[in-house]
K.L.:
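Just passing along the structure, written as structure tokens.
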Amino acid sequence: MPAVFNPARRLDEALQSAAASAGLPAADFAPEVRPADAQHGDFQANGVLPFAKRHRLTPRVLANQLVAALPADVLTDCTVTVAGPGFINFTLRTGALAAWLQDFGTREALAAGAAAGPLAGQIWLVDYSSPNTAKQMHVGHLRSAVIGEAIARLLAFGGARVIRDNHIGDWGTQFGKLIWAYRRHLDAAALARDPLEEFERLYKAGNAASEADPAVLKEAQQELVKLQAGDADNLAVWRHINEVSLAAFQEIYDRLGIRFDLTLGESFYNDKVSAVYRELTAADLAAESQGALVVFHPEHPRFKTQPFIIRKSDGAANYATTDLATILHRTEALHTDGVLYVVGKPQADHFEQLFLTAKKWFEKTGRTLPRLAHVDFGTVLGENGKALKTRTGDNIKLKELLAEAEARAFTLVSEKSGALPDAERRAIASVVGIGSVQYADLAQNRSSDYVFAWDKMLALDGNTAAYLLYAVARIHSIFRKAGATPGDAAAEAGASALETPAELALARKLVKFPDAVQAATAQLRPHFLCLYLFELAGEYSSFNTADKVLVDDPPVRARRLLLCARTLLILETGLGLLGLRTLQRM
RNA sequence: GCGGUGGUAGCUCAGGCGGAUAGAGCAACGGUUUUCUAAACCGUCGGUCGCGGGUUCGAGUCCCGCCCACCGCGCCA
């Protein structure tokens with residue numbers, strides 16, 4: 001019988017069927033099987049106590065009843081005990097550990113196991129990054145990009161069809177001044193060198209000129225009116241600005257391993273907003289107030305008085321309008337089952353109003369709303385506890401932040417591995433530097449603010465990218481020395497049963513990978529996976545110290561190489577899900 | 001003022017629907033290398049989970065009140 005991908009889920013199901021076959025009211029029994037503290041075994045069922053409470057049963061008696069009714073195959077794979085007030089503890093037998101490691105020994109097998117989950121066949125759209133064109137990406141754009149990409153990868157691994165959509169801000173009022181300056185002061189050489197730098201310079205020039213001279217302001221406003229009216233010349237300039245901006249963004253995305261499926265910015269929804277006004281008004285959801293079209297929610301303590309403005313008093317759309325139009329498009333044209341907005345926490349009110357409005361709108365018009373969720377994240381703070389800025393109070397440009405990460409990593413690599421050729425040290429520094437920025441962001445619960453600190457981020461020990469990448473590199477090093485390829489069946493042939501405490505502890509950690517991925521995906525919180533990978537790397541390092549791999553005894557050597565190969569596979573797969581690259585040497 | 005989020009070891013943080021003796025990392029202190037990368041490993045020290053009440057077999061977690069910090073609250077996104 002093949003091993004089950006996620007042992008925790010399998011035990012969960014086994015307990016539910018045990019409850020049913022024992023004649024218990026299984027319908028409201030959630031066994032809550034989770035990885036346990038090692039002293040108690042591999043997994044524990046937490047759900048027995050609440051279940052007993054609901055039905056006024058004696059917890060330990062209930063636990064024993066459940067254990068007695070467990071399917072036989074569970075008992076061949078695990079030792080099961082009842083402990084404490086009514087916990088059921090499961091410890092996998094060595095044979096079951098070995099079977100799992102055998103059956104899930106390739107990336108394809110892991111992917112197939114994970115993709116059989118509840119997301120299989122669903123379409124999920126992830127809306128993330130979403131910078132404004134004609135401006136540099138800065139540190140405020142970092143978390144959305146990094147967290148959004150990790151979540152997209154997790155969902156895809158879980159079997160969903162994922163649509164990555166970059167909802168760029170490409171239709172703001174800034175284009176009037178920008179086009180005005182573009183026509184008069186464009187520096188072609190500067191544009192070629194760094195287009196976003198040049199656009200920012202132009203915008204500032206246009207803004208300054210408008211402030212100094214009312215005639216210029218008027219000209220700029222007319223440029224905007226012409227653009228919005230569809231003037232061919234201005235549209236061409238606008239298109240050029242956006243194209244060049246996107247190409248510049250892509251340079252950042254390439255460094256972060258991001259590639260979007262769609263880039264549908266605000267301009268895409270220009271011709272789709274009038275339907276929003278019409279439908280929401282017809283549905284009696286929107287009404288005029290102080291010259292604007294707004295939606296109130298009378299049943300809501302706050303939104304009964306705090307308006308959701310969907311058309312400004314000057315008649316223009318705002319982001320509430322386009323966000324509503326976007327939901328309709330994602331429902332009717334893209335057929336999404338779910339949409340995730342990876343946007344900072346300060347916008348929580350906006351999304352609550354948006355979702356509430358969309359829910360009523362769709363109900364009134366007989367449409368089915370996809371699942372919508374605001375995947376929020378906290379602000380990146382400087383060491384002073386305030387939003388991270390340069391010393392002069394400007395936003396820190398993302399390209400400069402990433403360059404600094406690589407430079408700092410290069411210094412580090414040169415200290416530790418000075419013997420490696422310069423080009424290789426640069427390549428390593430790129431992976432370590434960028435990976436450290438990504439990992440520091442992902443390793444913490446996304447909902448809390450986080451303090452950006454180079455020293456912590458690039459530290460060689462603790463829960464950092466460098467620590468994990470080092471474990472990967474050490475495993476590759478062993479295979480180089482052994483003259484074998486990781487996962488090669490020949491190196492693992494004739495492996496004897498796992499035996500030493502360090503071997504068993506490592507194997508026990510490996511089989512919990514599916515649970516970590518499941519937790520990270522279900523809750524859209526990548527830090528669960530980070531924590532798991534850190535603990536796995538720790539178990540590996542302990543094993544690496546305690547048990548020499550390349551020993552003379554062939555069966556021992558084979559089983560340790562197998563453990564190394566599986567650890568490598570899971571570390572590389574897990575880091576890949578987070579969007580990090582890995583190394584063979586560092 | 002109204003609302004949201006948070007306050008856990010000296011520092012930075014975990015803590016999945018209320019479960020076992022509240023955990024990591026850093027820092028501090030002590031140890032480990034003729035051996036596959038010591039960017040490592042092992043150990044010690046460290047707690048009024050902001051304060052006060054409540055709910056119950058059981059509360060860092062849920063409820064009420066208070067203190068403090070940050071964020072949001074009509075035409076930016």
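Letters go in sequence order (proteins before strands), and every chain restarts at 1. This one's a predicted model, so the numbers in the text were calculated from it and none came from an experiment.
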K.L.:
I need the CD-P distance between A/E266 and B/rC76, as an integer number of Å.
P.N.:
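Rounding to the nearest Å, CD of A/E266 and P of B/rC76 are 13 Å apart.
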K.L.:
Tell me whether the count of non-hydrogen atoms from other residues, nucleotides or ligands lying under 6.0 Å of NZ in A/K135 goes above 12.
P.N.:
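No - once you tally the heavy atoms of other residues, nucleotides and ligands closer than 6.0 Å, there are 12 at most.
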K.L.:
Would A/H350 count as stacked on B/rA77 if the rule is ring centres under 5.5 Å and plane angle under 30°?
P.N.:
no
K.L.:
Enter syn or anti for the glycosidic conformation of B/rC17, syn applying to angles within 90° of 0.
P.N.:
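Here B/rC17 takes the syn form, which means its glycosidic angle is within 90° of 0.
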K.L.:
What nucleic acid atoms does A/E415 come within less than 4.0 Å of, heavy atoms only: base, sugar-phosphate, or nothing?
P.N.:
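Nothing, no nucleic acid heavy atom in range.
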K.L.:
Is the charged tip of A/R143 near the ring of A/F377: under 6.0 Å from the six-membered ring centre and within 45° of its axis?
P.N.:
no
K.L.:
Looking at the side chain of A/Y470, which of B/rA20, B/rC41, B/rA40 is the nearest nucleotide?
P.N.:
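So the nucleotide nearest the side chain must be B/rA40.
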K.L.:
May I ask which nucleotide in the shown strands pairs with B/rC73, Watson-Crick or G-U wobble, both distances under 3.5 Å?
P.N.:
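Partner of B/rC73: B/rG1.
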K.L.:
A/F303 vs A/H297 aromatic rings, parallel, tilted or perpendicular, using cut-offs 30° and 60°?
P.N.:
perpendicular
K.L.:
Does A/S448 have a side-chain nitrogen or oxygen under 4.0 Å from the phosphate oxygens OP1 or OP2 of B/rA14?
P.N.:
yes
K.L.:
Can a side chain N or O of A/N445 be found less than 4.0 Å away from OP1 or OP2 on B/rG15?
P.N.:
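Answer is yes, contact under 4.0 Å.
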K.L.:
Quick one: look up who B/rA40 pairs with, Watson-Crick or G-U, both distances under 3.5 Å, and put none if it's unpaired.
P.N.:
B/rU32
K.L.:
In whole angstrom, what separates A/I428's CD1 from B/rA39's C1'?
P.N.:
12 Å
K.L.:
Between A/R425 and A/V413, what is the shortest heavy-atom contact and its length?
P.N.:
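The answer is CG-CG1, 3.6 Å.
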K.L.:
By nearest nucleotide on RNA chain B, pick out whichever of A/D461 and A/G84 is the more 5' one.
P.N.:
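Per heavy-atom nearest nucleotide, the more 5' residue is A/G84.
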K.L.:
Could you tell me whether the phosphate oxygens of B/rC42, OP1 or OP2, come under 4.0 Å of any side-chain nitrogen or oxygen in A/S542?
P.N.:
yes
K.L.:
Is the gap between the ring centers of A/Y341 and A/F355 under 6.0 Å?
P.N.:
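Yes, close enough.
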K.L.:
Any side-chain N or O of A/Y467 less than 4.0 Å from the OP1 or OP2 oxygen of B/rC41?
P.N.:
yes
K.L.:
Please report, rounded to the nearest Å, how far the C1' atom of B/rU5 is from the CG atom of A/L381.
P.N.:
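Taking atom C1' of B/rU5 as the reference, CG of A/L381 is at 13 Å.
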K.L.:
Within this structure, what is the CG-to-C1' distance between A/N395 and B/rA77, rounded to whole angstrom?
P.N.:
14 Å
K.L.:
Below 3.5 Å is the cut-off: list the nitrogen or oxygen pairs between protein and nucleotides 33-36 of chain B, distance only.
P.N.:
from   : atom 1 : to     : atom 2 : distance (Å)
B/rU35 : O2'    : A/K548 : NZ     : 3.0
B/rC36 : O2     : A/L550 : N      : 3.2
B/rC36 : N3     : A/V549 : N      : 2.9
B/rC36 : N4     : A/N544 : O      : 2.7
B/rC36 : N4     : A/D547 : O      : 3.1

K.L.:
Each nucleotide in nucleotides 66-75 of chain B should get exactly one letter: B, S or -. Can you fill that in based on protein heavy atoms under 4.0 Å?
P.N.:
-----SSSBB
K.L.:
May I ask you to check whether A/Y269 and A/H167 place their ring centres under 6.0 Å from each other?
P.N.:
yes
K.L.:
Measure the distance from NE2 on A/H374 to C1' on B/rG4 and round it to the nearest whole Å.
P.N.:
12 Å
K.L.:
Can A/H138 and A/D394 be said to form a side chain to side chain donor-acceptor pair (under 3.5 Å), step by step?
P.N.:
CA-CA 10 Å; A/H138 57 80; A/D394 297 323; over 6 Å; no
K.L.:
Remember a base hit wins even if backbone is also touched, and classify A/D323 as base, sugar-phosphate or nothing at under 4.0 Å, heavy atoms.
P.N.:
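No contact.
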K.L.:
Which part of the nucleic acid, if any, lies within contact of A/F534, taking any heavy atom under 4.0 Å across all strands shown: a base, the sugar-phosphate backbone alone, or nothing?
P.N.:
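Sugar-phosphate, no base atom in range.
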K.L.:
Between B/rU5 atom P and A/R446 atom CZ, what is the distance in whole Å?
P.N.:
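Whole-Å distance recorded here is 14 Å.
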K.L.:
Name the residue closer to the 5' end of RNA chain B, choosing between A/Q347 and A/L460 according to the nucleotide with the nearest heavy atom.
P.N.:
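Nearest-nucleotide comparison on RNA chain B picks A/L460.
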K.L.:
Which word best sums up how the rings of A/F175 and A/W238 line up, parallel for under 30°, tilted for 30 to 60°, or perpendicular for over 60°?
P.N.:
perpendicular
K.L.:
Both distances below 3.5 Å, Watson-Crick or wobble geometry, any strand: find the nucleotide opposite B/rG58.
P.N.:
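When the pairing criteria are applied, nothing turns out to pair with B/rG58, so the answer is none.
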K.L.:
Quick check on B/rG15: is either OP1 or OP2 less than 4.0 Å from any side-chain nitrogen or oxygen of A/H527?
P.N.:
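Yes, because at least one side-chain N or O of A/H527 sits under 4.0 Å from OP1 or OP2 of B/rG15.
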K.L.:
Can you tell me how far P of B/rA39 sits from CD1 of A/I475, to the nearest Å?
P.N.:
16 Å
